[in-house]
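The sequence lines fix the lettering, A, B, ..., with proteins before strands; numbering per chain opens at 1. For clarity, every value in this text was computed on a predicted model and none was experimentally measured.
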Amino acid sequence: MSEHIENDDSEASDGGHSVLEAERSKRYAKIDEMRSAGLEPYPYRFDRSHTLSDLRAAFGDLEAGTETEQQVSVAGRAMLIREQGKLIFATLKDRDGEIQLFVSKAIVGDEAFAEFGALDLGDWVGAEGTVMTTRKGELSVKVERFVLLSKAVRPMPDKWKGLTDVDTRFRQRYADLIVNDEARRTFRVRHEMISSFRRTLAEMSFIEVETPVLHVEAGGAHARPFITHHNALDMQMYLRIALELHLKRLIVGGMERVYEIGRVFRNEGLSPRHNPEFTMMELYQAYGDYSEVMNITEELIRRAATDCLGTTVVDINGTECDLTDPWPRHRMIDLVARATGVDIHPSMPLVKLAALAEEHGSKPEPHWNAGKLIDELFAATVEQSLVRPTFVTGHPVDISPLARRDRNDPYLTERFELFVGGRELANGYSELNDPREQRMRFEEEQSAKESGNLEAGTVDEDYLRALEYGMPPTGGLGIGMDRLAMLLSGVHSIREVILFPTLRLEQF
RNA sequence: GGGCCGCUGGCGCAAUGGCAGCGCAUCGGACUUUUAAUCCGCGGGUUCUGGGUUCGAGUCCCAGGCGGCCCA
């Protein structure tokens with residue numbers, strides 16, 4: 001009605017967004033008109049009889065041209081509106097379904113028909129009527145009454161092409177989820193994966209626990225932490241970089257089988273595979289060692305694949321893999337030896353390892369120890385080739401400060417990492433439970449930190465005290481849940497499996 | 001941190017250095033079985049920001065911002 005009043009200066013000086021502003025003010029005006037007509041544009045609730053997929057399940061096999069007496073009420077967002085003279089067809093979308101509304105002027109009357117015509121794409125709508133199919137067989141609700149449930153004031157992205165700009169997709173995930181079914185599906189897979197883990201672990205008698213996010217020591221992994229401050233205690237604290245040390249305290253306490261699915265924080269760069277906050281699942285099992293934990297890892301992931309995808313056959317970077325095939329287990333030093341043609345062992349002279357690492361493209365730093373050099377060699381020569389699920393075992397002691405020594409080789413640990421698609425997916429070991437040896441390992445970490453390694457750890461005195469009370473033989477596991485979600489949903493950026501990934505500050 | 005690429009109406013995309021255009025959406029009109037409805041018509045831009053070169057810059061140059069990919 002009053003669209004042409006806006007050629008005054010206030011709109012022009014608003015700066016650059018006049019199209020959007022015009023659309024928004026038009027829709028706000030509709031809200032105001034409703035209110036002055038005594039209608040509520042934002043009602044408090046709506047009772048629906050069926051979700052849209054319920055409706056399709058119940059009536060999906062009706063023949064074309066069927067009219068039923070079945071009264072239903074449905075709700076969703078108007079995604080498409082097609083006006084056709086004295087008929088309007090609208091596609092309503094809810095969490096996991098779509099349905100067509102069939103609105104006839106003859107049925108709803110002139111006034112309601114005009115109101116329906118005034119709906120905008122993106123509006124939330126509730127509708128009551130009977131179930132029918134059109135001549136072409138489209139399942140529809142023949143609308144008798146409808147109500148605006150909430151007004152969309154901002155226009156939807158392109159109804160066909162959706163939203164493709166990744167920056168906008170991640171910053172405005174709400175808009176992404178409205179129009180991109182793939183995004184919805186990915187987070188559905190993520191949910192199924194996590195609930196599958198919880199079911200499997202419950203069957204295995206694990207107890208889910210929650211341990212602190214605010215830590216006094218940032219231990220359990222090699223990573224730089226986020227630092228924060230507690231005002232009342234006037235104390236520096238760290239956001240956790242791992243779940244490990246608190247969960248093992250619970251093993252000391254006799255809880256025997258515990259796990260936690262929780263957010264950890266690492267103050268590092270962003271990449272398609274790294275987000276500063278991500279989700280780990282860690283579990284600890286008394287009386288077990290690393291080989292048993294590898295079995296648990298296989299079971300968890302196979303069942304998650306079945307629960308998410310209905311199959312254990314997954315595509316990994318173009319290679320079709322059946323996760324029920326046995327997952328090979330190889331020592332890291334054997335894989336590196338095979339790849340380089342040189343026998344490898346942490347007892348070798350450092351200079352030989354450094355030379356070899358340099359030969360394979362690393363730039364060894366003076367403080368690198370034998371374990372670090374072997375790890376670099378592994379990354380350079382082996383890692384990428386491990387497409388099918390493969391357990392890499394026997395990591396050197398000096399890069400595994402919380403893992404127990406290999407019972408057959410004191411230079412190595414009873415540790416494993418699971419690689420899938422050339423990426424580390426899980427990490428576990430027979431847990432080190434000798435408090436004196438743990439103290440020595442911590443002290444080595446501490447001195448590495450003091451000589452400039454920002455990722456090295458510190459001596460966690462409380463953890464050592466816990467170990468002195470006695471920790472039973474224990475196997476532990478950590479799984480990167482985001483990376484597993486990537487694998488199961490077939491996406492290649494961690495940002496596709498994190499609803500609100502970390503981004504640089506947006507300028508408004 | 002380095003290299004390459006991108007940024008144009010709300011969204012998706014065009015434009016040998018020479019009038020900034022198309023599709024969707026919006027707005028007006030027609031249409032009682034459409035379904036990316038169709039048909040007719042009208043609007044809407046500080047081309048990411050700031051400098052520079054040029055008669056003339058979305059385009060070329062410099063700096064910055066945000067993003068993507070690769071590398072470290």
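Separation of the C1' atoms belonging to rC24(B) and rA14(B) is 15 Å when rounded to the nearest angstrom.
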Side-chain atoms of residues 362-371 of chain A: list all donor-acceptor pairs with protein atoms under 3.5 Å, sequence neighbours left out, distances to 0.1 Å.
from	atom 1	to	atom 2	distance (Å)
S362(A)	OG	E376(A)	OE1	3.4
N369(A)	OD1	G371(A)	N	3.2
N369(A)	OD1	K372(A)	N	2.9

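In summary, the side chains of E128(A) and S73(A) do not present any donor paired with an acceptor at a separation below 3.5 Å, with no hydrogens or angles considered.
Rounded to whole Å, atom C1' of rG67(B) lies 7 Å from atom CG of D165(A). Following rounding to the nearest Å, I81(A) (CD1) and rU26(B) (C1') show an atom-to-atom distance of 12 Å. Spacing between atom NZ of K26(A) and atom C1' of rU26(B) amounts to 5 Å, rounded to whole angstrom units. With rounding to whole Å, L20(A) atom CG is found 14 Å from rU26(B) atom P.
Phosphate proximity of rG67(B) to R504(A): present, with a side-chain N or O under 4.0 Å from OP1 or OP2. Contact between the side-chain N/O atoms of K159(A) and the OP1/OP2 oxygens of rA25(B) is found at a separation under 4.0 Å. An OP1 or OP2 oxygen of rC13(B) is reached within less than 4.0 angstrom by a side-chain nitrogen or oxygen of T164(A).
At a threshold of 4.0 Å, the pair E496(A)-R169(A) counts as salt-bridged, since one of the basic side-chain nitrogens sits closer than that to a carboxylate oxygen.
As the counterpart of rC60(B), rG52(B) is assigned, both hydrogen-bonding distances of the Watson-Crick or G-U wobble pattern falling under 3.5 Å. With both pairing distances under 3.5 Å, rC7(B) is matched to rG65(B) as a Watson-Crick or G-U wobble pair. With a cut-off of 3.5 Å on both Watson-Crick or G-U wobble distances, the partner of rC13(B) is given as rG21(B). Pair assignment for rU26(B): none, as no Watson-Crick or G-U wobble contacts are both less than 3.5 Å.
In this structure, CE in M486(A) is found 9.5 Å from CG in L425(A), a value given to the nearest 0.5 Å.
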Just the table, please: protein N/O against nucleotides 31-33 of chain B N/O, every pair under 3.5 Å.
from	atom 1	to	atom 2	distance (Å)
rC31(B)	N3	G85(A)	N	3.1
rU32(B)	OP2	K86(A)	N	3.1
rU33(B)	O2	R135(A)	N	3.2

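Nearest-nucleotide assignment on RNA chain B puts the 5′-proximal partner with L119(A), out of L119(A) and S140(A).
Just one residue in the list H395(A), E244(A), E417(A), R415(A) forms a side chain to side chain donor-acceptor pair (under 3.5 Å) with N427(A), and that residue is R415(A).
In this structure, R135(A) contributes its side chain and G65(A) its backbone to no donor-acceptor pair below 3.5 Å.
Between F500(A) and F170(A), the distance from one ring center to the other does not fall under 6.0 angstrom.
Using a 4.0 Å heavy-atom distance criterion, G162(A) is classed as a sugar-phosphate-only contact.
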